[in-house]
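So you know, we letter chains A, B, ... as the sequences are listed, proteins then strands, and number each from 1.
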There are 2 protein chains.
Amino acid sequence: MAQKKQPAVLCPQCELNDVCRQYEKDDALRAAGESLGDVTPQNNVAKGVSVCQAENRFEYLYAVHEGAFKSVVTLPGGEERVTGFHFAGEIIGAEGVSTGKYGRTVVALQDGQVCYFPETAFSADENDNSKIRQGLLMAMSHQVKNEQWTGLMAAHRAEQRVALFLFMISKRFEFHGFSSDEFRLPMSRDDIASYLGLAVETVSRSFQKLKGAGMIQVSGRNVILEDRDALQGFS
Amino acid sequence: MAQKKQPAVLCPQCELNDVCRQYEKDDALRAAGESLGDVTPQNNVAKGVSVCQAENRFEYLYAVHEGAFKSVVTLPGGEERVTGFHFAGEIIGAEGVSTGKYGRTVVALQDGQVCYFPETAFSADENDNSKIRQGLLMAMSHQVKNEQWTGLMAAHRAEQRVALFLFMISKRFEFHGFSSDEFRLPMSRDDIASYLGLAVETVSRSFQKLKGAGMIQVSGRNVILEDRDALQGFS
DNA sequence: GTAAAAAATTGATTAAGATCAAACGTAAGC
DNA sequence: GCTTACGTTTGATCTTAATCAATTTTTTAC
């Protein structure tokens with residue numbers, strides 16, 4: 001069966017738009033770009049394939065054009081934990097700019113597409129790439145905000161975490177111009193459980209409780225937010 | 001009694017060093033700087049005073065020169081939650097660059113000092129501030145990494161969270177050149193509990209268990225890490 | 001389209017952490 | 001220096017979520 005496609009971000013809405021569009025349109029910047037390496041738009045990544053590996057040398061910053069991705073880290077004890085999600089219009093590998101290596105392994109949840117931005121584009125060289133850096137700053141700041149959401153997931157009660165999770169997803173979809181009150185979750189219950197630090201069974205039961213309370217409709221991965229404000233107030 | 005001072009970051013070690021030092025030394029950049037507004041170094045902030053308020057318009061990005069700060073968010077339900085800490089050499093307000101407003105209220109845990117970087121320094125104007133932006137990119141990327149740490153705090157077990165918390169603190173102190181295996185925690189048990197999503201009593205008990213296991217020594221806020229690797233492996 | 005595999009839900013029991021309550025230690029104020 | 005207030009630790013009970021186990025649903029493969 002055909003994999004249902006996740007929404008793709010329109011290039012004009014992408015925070016890194018300037019970098020890509022200028023590259024394609026502006027010959028001067030394109031020339032400068034050549035010396036920086038390529039900014040390659042829209043490369044396919046098949047479901048389950050990783051974009052980058054934790055601890056590997058940072059070579060590219062990525063932007064999600066289409067699809068959904070998860071960040072995974074392997075803890076010293078061997079346990080794997082999902083630490084975040086990346087949707088269309090968001091960046092992957094931001095921590096690498098300062099550390100020089102990827103901090104997370106990032107895996108495609110469905111077939112998708114990512115754009116590449118070479119490390120040289122934001123290293124301390126003498127080229128003036130202020131346009132590029134401006135776009136990167138925006139994307140980076142946005143990423144900080146997303147990571148801050150994640151921090152809130154350490155809420156006390158399980159239902160609160162799940163409610164907050166759905167609210168966050170909704171807000172992020174909305175920001176990038178996708179449906180914010182009715183969507184299909186790209187990740188498994190296992191991924192959600194790992195991300196929230198809960199058992200799968202607890203996640204499942206929390207979904208049912210939120211459903212029972214009339215806040216959401218759920219059928220497998222399909223979710224409709226009946227009352228997003230209530231969801232937020234509850235979390 | 002005199003408040004025990006938190007270590008101050010030496011300006012040459014600050015990721016925003018270029019911005020400040022160039023400002024002070026390089027006349028050309030200084031001239032450019034004037035048109036951007038001031039980069040004001042080392043302003044005092046008294047214990048309990050807030051650097052910025054959530055939802056307020058983003059005017060300055062801050063860098064911690066000395067002291068320790070906590071980020072606080074008020075949830076819709078009214079509950080206050082600590083979402084992060086900021087130590088010497090780290091930035092405050094990174095999310096504001098993209099959102100235009102502060103996402104967290106940031107409060108001084110002790111008397112400290114912060115440096116100001118005006119919003120105009122990284123807005124999309126025609127001035128070439130690539131040096132400034134380079135420094136900001138680094139600091140921002142670093143902030144992403146710190147926020148990613150926070151995300152991991154949704155660990156399953158309470159002792160793991162506390163162990164991971166201490167490990168994180170240690171790593172961050174080490175990065176900025178401070179003592180990494182023996183330090184005084186600048187935040188209360190309440191703050192830690194809120195940050196980790198645990199009850200104060202559970203935090204206290206976790207400390208005692210880690211002590212009993214020989215991983216740490218604790219006396220109030222004074223902590224010695226006996227075996228940091230074990231702490232990491234455990235978390 | 002059907003079979004097999006994986007994912008998700010539901011139920012019963014156990015364990016972990018929250019809550020309630022009180023005592024102790026440290027730090028601030030007089 | 002003494003008193004008071006706040007922060008921290010310790011104890012007992014109760015609630016919540018993890019675990020163990022089985023079933024149902026959805027997805028994948030042939």
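Taking atom CG of residue A/Asp190 and atom P of nucleotide D/dT27, one finds them 15 Å apart after rounding to whole Å. What separates CD of B/Gln208 from C1' of C/dG25 is a distance of 13 Å, to the nearest Å. Separating the CZ atom of B/Phe207 from the C1' atom of D/dG7 is a distance of 13 Å, rounded to the nearest angstrom. Following rounding to the nearest Å, B/Asn222 (CG) and D/dT9 (P) show an atom-to-atom distance of 11 Å. Between the P atom of C/dT26 and the CZ atom of B/Arg221 lies a distance of 13 Å, rounded to the nearest Å. Note: CG (B/Leu185) to C1' (C/dA27) measures 17 Å, nearest angstrom.
For A/Ala46, the side-chain contact (heavy atoms from CB on, under 4.5 Å) criterion is met by A/Val49, A/Asp111, not counting sequence neighbours. Here B/Ser50 pairs with B/Gln53, B/Thr105, B/Val107 under the side-chain contact (heavy atoms from CB on, under 4.5 Å) rule; sequence neighbours left out. Checked against side-chain contact (heavy atoms from CB on, under 4.5 Å), B/Ser179 has the following partners two or more places apart in sequence or in another chain: B/Asp181, B/Glu182. Taking A/Lys211 as the reference, nothing meets the side-chain hydrogen bond (donor to acceptor under 3.5 Å, both in side chains) condition, with sequence neighbours excluded. Residues that satisfy the ring-ring contact (aromatic ring centres under 6.0 Å, His included) test with B/Tyr102, not counting sequence neighbours, are B/Phe58.
Nearest nucleotide to the B/Arg184 side chain, out of C/dA27, D/dT10, D/dT28: C/dA27. Here the nucleotide nearest the side chain of A/Arg189, chosen from C/dT9, D/dT10, D/dT28, is C/dT9.
Judged as a salt bridge (Lys or Arg N to Asp or Glu O under 4.0 Å), the pairs with a partner in residues 191-200 of chain B (not counting sequence neighbours) are, in order, B/Lys70-B/Asp191.
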Residues 193-210 of chain B, side-chain donor-acceptor partners within the protein, below 3.5 Å, at least two apart:
| residue | atom | partner | partner atom | Å |
| --- | --- | --- | --- | --- |
| B/Ser194 | OG | B/Val82 | N | 2.8 |
| B/Tyr195 | OH | B/Thr150 | OG1 | 2.7 |
| B/Ser206 | OG | B/Thr202 | O | 2.8 |

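Contact between A/Phe183 and A/Leu166 at its shortest, heavy atoms only, is CZ-O, 4.3 Å.
Note on the helix from C/dG1-D/dC30 to C/dC30-D/dG1: angle between the axes of the first and last five pairs equals 70°, rounded to 10 degrees.
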Treat primed atoms plus P, OP1 and OP2 as sugar-phosphate and everything else as base, then score nucleotides 15-22 of chain C 5' to 3': B for base contact with protein heavy atoms under 4.0 Å, S for sugar-phosphate contact only, - for none.
-> --SSBBB-
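A/Arg172 and A/Glu90 are joined by a salt bridge, as a carboxylate oxygen and a charged side-chain nitrogen come within less than 4.0 angstrom of each other.
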